[in-house]
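Data block below; observations after.
Values reported hereafter were calculated over all heavy atoms of this structure, with side chains retained and with hydrogens, waters and symmetry mates removed.
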Amino acid sequence: MRGGLPISRRSVFKLRQVGIGTLGSAKIKILLCGCVVLSLLAIANRNRDSSSFMGWTGDFDRSSSPRGRYSILINTWKRYDLLKKSISHYTSCPRLDSIHIVWSEPDPPSDSLKRYLNHVVRSNSRKDQQVELVFDINKEDSLNNRFKEIKDLKTDAVFSIDDDVIFPCTSVEFAFTVWQSASDTMVGYVPRMHWVDQKKGENKYKYGGWWSVWWTGTYSMVLSKAAFFHKKYLKLYTDEMPASLKEYITKNRNCEDIAMSFLVANATDAPPIWVKGKIFEIGSTGISSLGGHSERRTECVNKFVDEFGRMPLVPTVMKAVDSRYSWFW
C-alpha cells in the first residue's frame with residue numbers, strides 16, 4: 001500500500017497537467033475565434049458608408065452637384081459589339097450622369113444601334129438617375145474629335161475611355177473620388193513615362209511603355225483611354241492646342257492621348273495620378289499592337305516638346321490604392 005500512494009499522486013499530477021494544457025488550448029482557440037470575429041466585423045464596418053461616423057446619416061446628397069457626378073466620353077470606331085458591351089456595363093454605375101459617344105465614322109449611327117443603346121440605357125439606369133446618352137457626330141475622321149469641347153456638359157468630371165476596355169464600377173467610383181481630391185490633374189489607370197534619350201542628349205526623349213513603368217515605378221502620363229479629367233481641358237484642347245499638332249495627330253492617327261497629357265501638365269506643372277484598378281480588355285487589336293508603335297510615340301513626344309517649347313511632363317512614383325480592399329499597400 002505504501003508503494004501505491006506515490007503512484008497515485010503522480011497520476012493525479014499528470015492528470016492535472018493534462019487538464020491545464022487542455023484548458024489552455026481551449027482558451028487559445030476561443031481567443032483566436034474572437035479575433036477572427038472582430039476582424040470580420042471590422043472589415044464589414046470599413047465597407048459601410050463612412051458618413052455614419054459620429055451619428056451623421058449622410059442626408060446631404062453630394063451626387064446632386066456637378067462635382068458629385070461624372071460623364072463618360074467614349075471613343076469608338078466600327079466596333080459595335082464592343083460599344084454595346086461598354087454601354088451596357090457603365091450605365092449601371094452609380095453617379096454616372098451621361099455618356100457621350102465620339103462618332104467619327106463616315107456614316108451616321110444606324111437607327112437599330114441607337115434603339116438598342118437607348119433601350120439598354122433605360123433598362124440599366126438607376127431609378128434615382130436616368131443616364132443621358134448622346135452621339136457626338138463629327139464630319140471629319142480625326143482622333144482630335146475625342147477632345148472636342150462639349151457645350152452642354154453638366155458635370156465637371158469627364159471619364160475618357162476607349163470602347164475596348166471595361167472597368168468595374170467600384171474601380172471607376174474610386175478613381176472618381178481620387179479625382180475629386182485633385183480635380184485639376186488627370187487621374188487614370190494606364191501610366192506611361194518619358195525618358196531622356198542619353199544617346200541624343202538631354203533635350204531628346206524616349207517614350208516609355210508599360211514595362212518601363214513596371215520596372216521603375218515611375219510615370220509621367222496616364223493615357224486618356226481610361227482617365228478622369230476636368231471638362232475645362234476639352235475647351236483648352238479645342239481652343240489652345242496648336243493647329244500644327246492637331247494636323248500632326250490627324251495625319252499620323254496617333255498620340256492624341258500624349259497631347260492631352262502635355263496640355264494638362266503644361267497648365268498645372270503637376271504630375272498625374274495613377275490609380276490601381278482592374279482592367280478588362282475586351283478588344284483584340286489596336287494601334288498599340290502594330291509594329292513600330294513605340295518609335296512613333298517617341299517621335300510624338302519630341303514633336304510636342306518642340307511645339308510647347310519645353311518638357312512639361314512631371315515624373316512621379318505616387319499610386320492611389322483603395323485601402324478598404326488592400327491589406328498590403
Side-chain angles (χ1 to χ4, degrees), residues 70-93 96-125 131-153 155 157-169 171-172 175 186 188-190 222-229 231 233-234 237-238 246 249-261 277-290 293:
Y70 62 89
S71 300
I72 282 181
L73 188 60
I74 183 167
N75 196 52
T76 187
W77 177 262
K78 294 186 177 182
R79 299 193 289 192
Y80 309 132
D81 288 342
L82 301 185
L83 181 62
K84 291 176 181 179
K85 289 180 181 178
S86 293
I87 300 299
S88 178
H89 168 69
Y90 288 114
T91 48
S92 62
C93 293
L96 173 63
D97 183 80
S98 61
I99 297 176
H100 292 256
I101 301 173
V102 181
W103 192 271
S104 301
E105 298 181 19
D107 298 321
S110 65
D111 291 338
S112 60
L113 178 64
K114 289 192 289 186
R115 280 197 304 270
Y116 179 87
L117 293 180
N118 279 304
H119 172 72
V120 167
V121 169
R122 287 193 301 269
S123 301
N124 292 356
S125 294
V131 175
E132 181 183 12
L133 179 68
V134 180
F135 281 89
D136 293 333
I137 309 296
N138 297 280
K139 296 181 179 179
E140 181 189 14
D141 175 18
S142 171
L143 289 176
N144 294 300
N145 292 338
R146 74 181 305 165
F147 299 135
K148 276 188 175 180
E149 181 184 9
I150 302 175
K151 297 289 186 180
D152 58 347
L153 197 61
T155 66
V158 175
F159 184 39
S160 173
I161 57 172
D162 285 350
D163 59 5
D164 60 351
V165 290
I166 283 182
F167 300 87
C169 291
S171 293
V172 177
M186 291 184 72
Y189 300 92
V190 187
V222 290
L223 301 187
S224 58
K225 68 180 298 179
F228 277 96
F229 53 79
K231 67 178 180 181
Y233 294 121
L234 296 177
Y237 191 102
T238 301
K246 290 182 180 179
I249 290 167
T250 299
K251 180 181 178 180
N252 290 275
R253 298 191 63 81
N254 205 333
C255 300
E256 84 290 350
D257 48 358
I258 298 178
M260 178 56 87
S261 289
K278 294 180 179 179
I279 304 175
F280 297 94
E281 300 272 359
I282 60 175
S284 57
T285 60
I287 60 173
S288 60
S289 62
L290 301 176
H293 176 68

Return the set of residues passing side-chain hydrogen bond (donor to acceptor under 3.5 Å, both in side chains) with [X] (not counting sequence neighbours), or none when no residue passes.
X      : result
Lys151 : Glu149
Tyr237 : Asn144
Ser160 : Arg146
Asn252 : none

Checklist entry - Residues two or more places apart in sequence or in another chain: which of them pass side chain to side chain contact (heavy atoms under 4.5 Å, CB included) with Asn138? => result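 So Asn138 forms a side chain to side chain contact (heavy atoms under 4.5 Å, CB included) with Val102, Ser104, Asn145, Lys148.
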Item to check | Counterpart residues, side chain to side chain contact (heavy atoms under 4.5 Å, CB included), relative to Lys84 (two or more places apart) | outcome: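 Scan of Lys84 (side chain to side chain contact (heavy atoms under 4.5 Å, CB included), adjacent residues dropped) gives Leu113, Tyr116, Leu117.
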Checklist entry - Parallel, tilted or perpendicular for Tyr80 and Trp103, by the 30°/60° rule? => result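 Because their plane-to-plane angle is under 30°, the rings of Tyr80 and Trp103 count as parallel.
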Checklist entry - Parallel under 30°, tilted from 30 to 60°, perpendicular over 60°: which one fits the rings of Phe159 and Phe228? => result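 Geometry flag for Phe228 against Phe159: parallel rings.
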Checklist entry - More than 12 heavy atoms of other residues, nucleotides or ligands under 6.0 Å from NZ of Lys85: is that the case? => result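 Not more than 12 within 6.0 Å, no.
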Item to check | Lys225 bridged to Asp257 by N-O distance under 4.0 Å | outcome: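 Looking at Lys225 and Asp257, the cut-off is not met.
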Checklist entry - Under 6.0 Å between the ring centres of Phe167 and Phe280? => result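 Here the rings of Phe280 and Phe167 have centres that are no less than 6.0 Å from each other.
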Checklist entry - When you look at Ile99 and Thr91, which way does the side chain to side chain contact (heavy atoms under 4.5 Å, CB included) test go after all the steps? => result CA-CA 8 Å; Ile99 297 176; Thr91 48; 3.7 Å; yes
Checklist entry - Where the side chain of Tyr233 meets the backbone of Ser261, is there a donor-acceptor pair that is under 3.5 Å apart? => result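 Checked: no pair found.
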Item to check | Nearest non-hydrogen partners of Leu234 and Leu153, listed with the distance | outcome: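 Looking at all heavy atoms of both residues, the shortest contact is CD1-CD2, 4.4 Å.
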